[in-house]
Protein chains: 2
Amino acid sequence: MAEHQHTHDTKPLTKNQRLVLERLEKTDGPLSAYSILDELRDQGFRAPLQVYRALEKLVDVGLVHRLESLNAFVACRHPSCQNHQSIAFAICEQCGSVKEFSEARIAEDLTSWAAETGFMLKKTTIELRGLCKDCVAKA
Amino acid sequence: MAEHQHTHDTKPLTKNQRLVLERLEKTDGPLSAYSILDELRDQGFRAPLQVYRALEKLVDVGLVHRLESLNAFVACRHPSCQNHQSIAFAICEQCGSVKEFSEARIAEDLTSWAAETGFMLKKTTIELRGLCKDCVAKA
DNA sequence: GCAATAGACGTAATAGTATAACATTAACAA
DNA sequence: TTGTTAATGTTATACTATTACGTCTATTGC
Ligand SMILES: [Zn+2]
Ligand SMILES: [Zn+2]
Ligand SMILES: [Zn+2]
Ligand SMILES: [Zn+2]
């Protein structure tokens, strides 16, 4: 699994990539590509492709993650930048918060399932839906 | 986690629901809502909503699963209809095949993570991408 | 310096996915 | 019958993503 490598030996970010990343880092929750576009119109963004191209690169280098079940994107909040396997996301259906986490055991389980089955694993998507601690308390 | 219950004490399927389910069961891989629509025009389907409404119900009762990372749907192939936790899907990027499986350990890991974190887990999405055994052999 | 190349960018058009809103019909109980 | 609910039909619209093509700029090789 080559995902989420955070290799810092890559080229510096371009202007558009930096603007998109900064916008995501300023936000707590996930953002859709089109809402990023709307918020960057003042900086000269005019078309979806400007956002999608930047996102593609940012996801590629691991600075941003895509949430498949939301069609949205979040800045990577993982404390360290070392390689880690099988990132997972817990998405609160009440407040929209997203918590990124990584459990070694889950990665091991998936890897061993793949080995037993002969499946060549390239990428995993793990997204949990429910209520975060705060929202459970309020309910 | 209340997903994938296959409760058979529910109302019988309506005509549209039955047509959509049969179409999915006839197909090996996943289908998008719009390709289902196209294939059911002969049976009187005219608009996306007819498909989406049927799919919503079918997903709800566990006869169909939605693949978030593909925006597509598959009929449930799980051998038994008993309740099971944490279904996962292995999607081949070469041939498009989808293998549904269920690992108790993964469900346990996620459940215990949720308990420790105070997250109230309602639904899990686990989708693996890579190459299936057959496609690895051919490569 | 000056082509040639590659990469990022800009822009317009289009493809693909999903839902809102409202009218109609069928099922069924009071 | 009449009121009520659920399913359906239909139109329009919103949201997400990519194709295609042209421009600009940096870098490389001569
Ligand atoms: Zn991360
Ligand atoms: Zn919450
Ligand atoms: Zn299933
Ligand atoms: Zn395959």
| said: Run the ring-ring contact (aromatic ring centres under 6.0 Å, His included) test against Tyr52(A) and tell me which residues pass, sequence neighbours left out. | reply: none
| task | Would you classify Arg18(B) as touching base, sugar-phosphate or nothing, given that sugar-phosphate means primed atoms plus P, OP1 and OP2, and contacts are heavy atoms under 4.0 Å? | result | nothing
Rounded off to whole Å, could you give me the [atom1]-to-[atom2] distance for the [X] and [N] pair?
X        : N       : atom1 : atom2 : value
Leu37(B) : dG16(C) : CG    : P     : 13 Å
Glu56(B) : dA20(C) : CD    : P     : 10 Å
Leu31(B) : dT17(C) : CG    : P     : 11 Å
Leu13(B) : dA7(D)  : CG    : P     : 11 Å
Asn71(A) : dT19(C) : CG    : P     : 10 Å
Leu70(B) : dA18(C) : CG    : P     : 11 Å

| message | Just so I know, are the side chains of Thr124(A) and Ile126(B) near enough to count as touching, which here means a heavy-atom distance under 4.5 Å? | response | no
| Under 3.5 Å donor-acceptor, Gln50(B) side chain and Ala47(B) backbone | yes
| message | Determine whether a donor-acceptor pair (N or O, by modelled atom type, separation under 3.5 Å) exists between the side chain of Glu100(B) and the backbone of Arg77(B). | response | yes
| Which residue lies toward the 5' end of DNA chain D, Tyr52(A) or Tyr34(B), if each is placed at its nearest nucleotide? | Tyr34(B)
| request: Give a yes/no on whether any side-chain N or O of Ser32(A) is located under 4.0 angstrom from OP1 or OP2 of dT16(D). | output: yes
| Quick one: is dT16(D) close enough that its OP1 or OP2 comes under 4.0 Å of any side-chain N or O from Arg66(A)? | no
Between the protein and nucleotides 7-11 of chain C, are there any N/O to N/O pairs under 3.5 Å, and if so, what are the atom names and distances?
residue: dC9(C); atom: OP1; partner: Thr14(A); partner atom: OG1; Å: 2.8
residue: dC9(C); atom: OP2; partner: Thr14(A); partner atom: OG1; Å: 3.3
residue: dG10(C); atom: OP2; partner: Asn16(A); partner atom: ND2; Å: 3.0
residue: dG10(C); atom: OP2; partner: Gln50(A); partner atom: NE2; Å: 2.4
residue: dG10(C); atom: N7; partner: Arg53(A); partner atom: NH2; Å: 2.5
residue: dG10(C); atom: O6; partner: Arg53(A); partner atom: NH1; Å: 3.3
residue: dG10(C); atom: O6; partner: Arg53(A); partner atom: NH2; Å: 3.1

| request: Answer yes if the side chains of Glu127(A) and Ser69(A) hold a donor-acceptor pair under 3.5 Å, and no otherwise. | output: yes
| request: Can you establish whether the number of heavy atoms outside Asp28(A) located under 6.0 Å from its atom CG is more than 12? | output: no
